[in-house]
Trainee: 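Just dropping this structure here.
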Amino acid sequence: MTAMNVVRMKVKPGQEKAYLDAQNDSDRSQYQGMRSVRVVKTGEREYIIVGEWDSMDALVAARPAMIATLDRIRGMLEDMGGDLGVTDPRSGEVVLSF
């Protein structure tokens with residue numbers, strides 16, 4: 001069953017170009033089972049990343065690679081507050097699609 005992950009983050013002032021360049025330069029071959037990824041600007045320096053996966057198993061297997069990518073950009077991100085750290089992630093199986 002198709003799975004999705006959504007991760008919200010806020011980029012530090014002056015870091016947006018570097019952040020977008022790092023996202024664009026990420027090695028997608030390490031994400032087996034990822035069908036697509038989108039980076040969406042949702043506000044001032046705020047972004048969400050939306051990934052579509054073949055299955056939850058594929059998404060779970062890719063988490064170490066996603067964490068490694070996050071580690072490379074972590075210094076560009078603001079703390080989200082509320083004990084979230086620098087990201088606010090969610091993931092799950094698609095239950096409706098139209």
Side-chain angles (χ1 to χ4, degrees):
M1 181 174 284
T2 301
M4 304 287 288
N5 72 311
V6 179
V7 182
R8 181 174 61 102
M9 57 196 68
K10 190 162 186 173
V11 179
K12 290 178 180 176
Q15 294 292 309
E16 284 185 271
K17 182 178 181 336
Y19 166 79
L20 292 171
D21 287 347
Q23 291 292 356
N24 194 45
D25 294 342
S26 183
D27 179 11
R28 301 286 187 254
S29 69
Q30 62 188 332
Y31 303 125
Q32 298 299 312
M34 184 173 70
R35 296 178 182 178
S36 67
V37 65
R38 305 283 191 272
V39 178
V40 181
K41 186 169 185 173
T42 58
E44 185 177 340
R45 297 182 288 110
E46 185 177 89
Y47 293 85
I48 59 169
I49 297 175
V50 181
E52 181 180 13
W53 300 83
D54 290 339
S55 66
M56 275 302 293
D57 289 340
L59 190 157
V60 169
R63 282 185 179 148
M66 287 189 278
I67 291 168
T69 297
L70 173 60
D71 287 343
R72 286 192 295 278
I73 64 169
R74 189 177 301 277
M76 300 175 198
L77 304 176
E78 288 187 359
D79 190 290
M80 300 293 291
D83 296 324
L84 288 174
V86 295
T87 64
D88 182 12
R90 300 287 189 275
S91 61
E93 292 182 331
V94 175
V95 296
L96 286 175
S97 181
F98 47 92

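FYI, the numbering just counts along the sequence from 1.
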Trainee: Please list, chain by chain and in numerical order, all residues satisfying side chain to side chain donor-acceptor pair (under 3.5 Å) with Lys41, sequence neighbours excluded.
Mentor: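 Applying side chain to side chain donor-acceptor pair (under 3.5 Å) to Lys41 gives Glu16.
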
Trainee: Between Met9 and Ile49, is there a side-chain heavy-atom distance shorter than 4.5 Å?
Mentor: yes

Trainee: In a check of salt bridge (Lys or Arg N to Asp or Glu O under 4.0 Å) between Glu46 and each of Lys12, Arg8, Lys10, which one passes?
Mentor: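 Going through the options one by one, the only one that passes is Arg8.
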
Trainee: Is Val86 linked to Val7 within one hydrophobic cluster, defined over Ile, Leu, Val, Met, Phe, Trp and Tyr using a side-chain heavy-atom separation of less than 4.5 Å?
Mentor: yes

Trainee: Please answer whether the main-chain N or O of Ala65 pairs with a side-chain N or O of Thr69 as donor and acceptor at a distance below 3.5 Å.
Mentor: yes

Trainee: Tell me, do Ile73 and Val11 make a side-chain contact under 4.5 Å, heavy atoms counted?
Mentor: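 Ile73 vs Val11: side chains apart.
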
Trainee: When rounded to the nearest 0.5 angstrom, what is the spacing between CD in Gln23 and CG in Leu20?
Mentor: 7.5 Å

Trainee: Establish whether Val40 and Met4 are linked, either directly or via other cluster members, by ILVMFWY side-chain heavy-atom contacts under 4.5 Å.
Mentor: yes

Trainee: Taking a hydrophobic cluster as the set of Ile, Leu, Val, Met, Phe, Trp and Tyr residues connected by side-chain heavy atoms closer than 4.5 Å, whether directly or through intermediates, do Val39 and Met76 fall within one such cluster?
Mentor: yes

Trainee: Quick check: do Met66 and Ser91 have side-chain heavy atoms less than 4.5 Å from each other?
Mentor: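 A side-chain contact under 4.5 Å is absent here.
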
Trainee: Answer with yes or no whether the hydrophobic clustering places Met34 together with Val6; edges join I, L, V, M, F, W, Y residues whose side-chain heavy atoms lie under 4.5 Å apart.
Mentor: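 As far as the 4.5 Å side-chain criterion goes, Val6 and Met34 are not connected within one cluster.
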
Trainee: Which atoms form the tightest heavy-atom contact between Val37 and Arg28, and what is the distance?
Mentor: CG1-NE, 3.4 Å

Trainee: Mind checking the CD-OG1 spacing from Glu93 to Thr2? Nearest 0.5 Å is all I need.
Mentor: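 Answer rounded to 0.5 Å: 9.0 Å.
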
Trainee: Side chains of residues 54-62: which donor-acceptor partners sit under 3.5 Å, not counting sequence neighbours?
Mentor:
{"residue": "Asp54", "atom": "OD1", "partner": "Arg35", "partner atom": "NE", "Å": "2.8"}
{"residue": "Ser55", "atom": "OG", "partner": "Asp57", "partner atom": "N", "Å": "3.4"}
{"residue": "Ser55", "atom": "OG", "partner": "Ala58", "partner atom": "N", "Å": "3.1"}

Trainee: Find out if a path of hydrophobic residues (ILVMFWY) with successive side-chain heavy-atom gaps under 4.5 Å connects Leu84 to Leu70.
Mentor: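 Cluster IDs for Leu84 and Leu70 differ.
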
Trainee: Among pairs that include at least one residue of residues 12-66, which meet ring-ring contact (aromatic ring centres under 6.0 Å, His included), considering only residues two or more places apart or in two chains?
Mentor: Tyr19-Tyr47

